[in-house]
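Down below is the structure, laid out as structure tokens.
Just so it is clear, the structure is predicted and the values come from calculations on it, not from any experiment. What's counted below: heavy atoms across the whole structure, side chains too, no hydrogens, waters or symmetry copies.
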Amino acid sequence: MTADPDSSPVAIVTGASSGIGEATARMLAAADYTVVLVARRRDELERVANDIAGAGQKALAIGADLSKPTTPKQVATMVSENLGRIDVLVNSAGVAKLSSVIDGKPEDWEEMWKINVLGLARMSSAVIGHFPASGGHIVHLSSLSGHRVPPSGGFYAPTKHAVRAHAEALRSELRGRGNATRVTCISPGFVDTPLAEEYLGSVGKTVESLGYSVLEPEDIARAVVHAVQSPQGVEINDVLMRPSGQKT
């Protein structure tokens, strides 16, 4: 797939094979973005990309492991060379494991840090040089666990606090360099996704057992689209979203 000067804006969405990433990719495509879906599960990416293409919209699937240090730069270069531009990056890829900071498995800590923080940071750094002179837009998906630490938050919570800190560091540095790229960080509470099911399952719970209606991936996707389509002079920085029934 190649692009011409009048082509639609290009949005890269990581973690696009399911959950929030998939919903965001579909919604951006419906808003006339050419979407680049990035995740490790190539078969699931192809499913989503084919659905989007079947609706008459534009999508490109790239199977990639963002925990590898060189992958983000390779992805950004590939997108820029094939589509001619990058306008938006949505960092939705993430891993949630129940792993205590006292006696959890260090390999779980490392996996979460590599994907939730380093993968996000490297991906952000890789795309900035490909944004237009007028600036692009980077959206981080953090978590309510990045605002407070629940009793079972374990090492996942520190990674999501780091995501929010990275967003603010990125915004501050961009402004200091006169770069108009905008940065948004969205922190949802419980969302009905495979990630939430896996996380809750590790403590013997299910989404249904919470006793209230949780957020849907589309709720978060709408917030992402709203942020990136806001007027150029508006930068939505830090959004906290929780189900109305979630007390803490």
Side-chain angles (χ1 to χ4, degrees), residues 11-30 35 37-49 51-52 59 61 63-67 89-99 108 111-112 114-117 119-120 123 139-148 150 152-157 159-161 163-164 184-227 239-248:
I12 299 174
V13 182
T14 71
S17 59
S18 64
I20 295 171
E22 177 182 349
T24 299
R26 291 179 182 275
M27 207 165 287
L28 284 169
V35 291
L37 295 76
V38 180
R40 289 181 287 188
R41 296 183 295 172
R42 181 65 189 241
D43 55 339
E44 288 299 305
L45 284 181
E46 293 289 357
R47 172 186 61 83
V48 179
D51 282 353
I52 292 173
D65 183 354
L66 296 178
S67 69
L89 167 66
V90 181
N91 284 307
S92 183
V95 177
K97 291 181 177 292
L98 186 68
S99 188
D108 288 341
E111 182 181 2
M112 285 188 282
K114 279 184 175 180
I115 297 174
N116 296 1
V117 183
L120 168 146
M123 198 69 222
V139 181
H140 288 357
L141 268 298
S142 182
S143 167
L144 184 55
S145 291
H147 289 256
R148 90 287 188 261
S152 61
F155 198 80
Y156 175 74
T159 69
K160 290 303 183 177
H161 276 74
V163 168
R164 290 185 61 227
T184 298
C185 188
I186 299 177
S187 301
F190 279 120
V191 185
D192 191 2
T193 65
L195 191 70
E197 290 174 0
E198 181 181 355
Y199 183 81
L200 289 169
S202 64
V203 291
K205 296 182 179 180
T206 63
V207 169
E208 292 75 20
S209 71
L210 293 174
Y212 54 84
S213 296
V214 300
L215 299 170
E216 295 295 330
E218 291 75 16
D219 297 326
I220 317 307
R222 276 189 286 271
V224 173
V225 174
H226 174 71
V239 179
L240 176 60
M241 301 175 65
R242 54 160 58 88
S244 56
Q246 186 170 347
K247 296 178 181 179
T248 60

Are the side chain of E46 and the backbone of A61 linked by a donor-acceptor contact shorter than 3.5 Å? no
Do any N or O atoms from the side chain of R242 and from the backbone of G189 form a donor-acceptor pair under 3.5 angstrom? no
Treating H226 as the side-chain partner and R222 as the backbone partner, does any N or O pair qualify as donor plus acceptor under 3.5 Å? no
Heavy-atom closest pair, residues G63 and R42: N-NH1, 3.6 Å
In Å, rounded to the nearest 0.5 Å, how long is the span from OH of Y156 to CG of N116? 6.5 Å
Judged by atom type as modelled, is there a donor-acceptor pair below 3.5 Å linking the side chain of N91 to the main-chain atoms of T14? no
pair E22-S92: side-chain heavy atoms closer than 4.5 Å: no
Quick check for you: to the nearest 0.5 Å, what is the distance between K97 atom NZ and E111 atom CD? 4.5 Å
Do V139 and L89 have side-chain heavy atoms sitting under 4.5 Å apart? no
Would you indicate whether the side-chain heavy atoms of I115 and R40 approach each other to under 4.5 Å? yes
Nearest 0.5 angstrom please: M27 CE to I52 CD1, how far? 11.5 Å
Under the criterion side chain to side chain contact (heavy atoms under 4.5 Å, CB included), I'd like the reasoning laid out for I12 against V90: C-alpha separation, chi angles, the key distance, then a yes or no. CA-CA 6 Å; I12 299 174; V90 181; over 6 Å; no
Rounded to the nearest 0.5 Å, what separates atom CG in L141 from atom SG in C185? 8.0 Å
So do V191 and P217 actually touch side chain to side chain, heavy atoms under 4.5 Å? yes
Check: K160 main-chain N/O paired with S142 side-chain donor or acceptor under 3.5 Å: yes
What I'd like to find out is whether the side chain of P150 reaches to under 4.5 Å of the side chain of S145, using heavy atoms alone. yes
Please tell me if the side chains of I186 and I20 come closer than 4.5 Å, counting only heavy atoms from C-beta onward. no
Can you confirm whether T193 sits close enough to S18 that some side-chain heavy atom of one is under 4.5 Å from a side-chain heavy atom of the other? no
Applying side chain to side chain contact (heavy atoms under 4.5 Å, CB included) to L215 and I220, what does each step give before you reach the verdict? CA-CA 8 Å; L215 299 170; I220 317 307; 3.9 Å; yes
Can you see which heavy atom on F190 is nearest to which on Q246, and at what distance? N-OE1, 3.2 Å
Between V48 and L37, is a side chain to side chain contact (heavy atoms under 4.5 Å, CB included) present by the stated rule, with each step listed? CA-CA 8 Å; V48 179; L37 295 76; 3.3 Å; yes
Heavy atoms of M112 and S99 approach each other most closely as CE-CB, 4.1 Å
Note: E44-R47 ion pair, threshold 4.0 Å (strictly below): yes
Does any part of the side chain of L120, heavy atoms only, come nearer than 4.5 Å to the side chain of V163, both counted from C-beta? yes
I need the minimum non-hydrogen distance between A25 and V35, along with the two atoms involved. O-CG1, 3.5 Å
Rounded at 0.5 Å granularity, tell me how far CZ in R148 sits from CG in L240. 9.0 Å
From OG1 (T159) to CZ (R164), nearest 0.5 Å: 12.5 Å
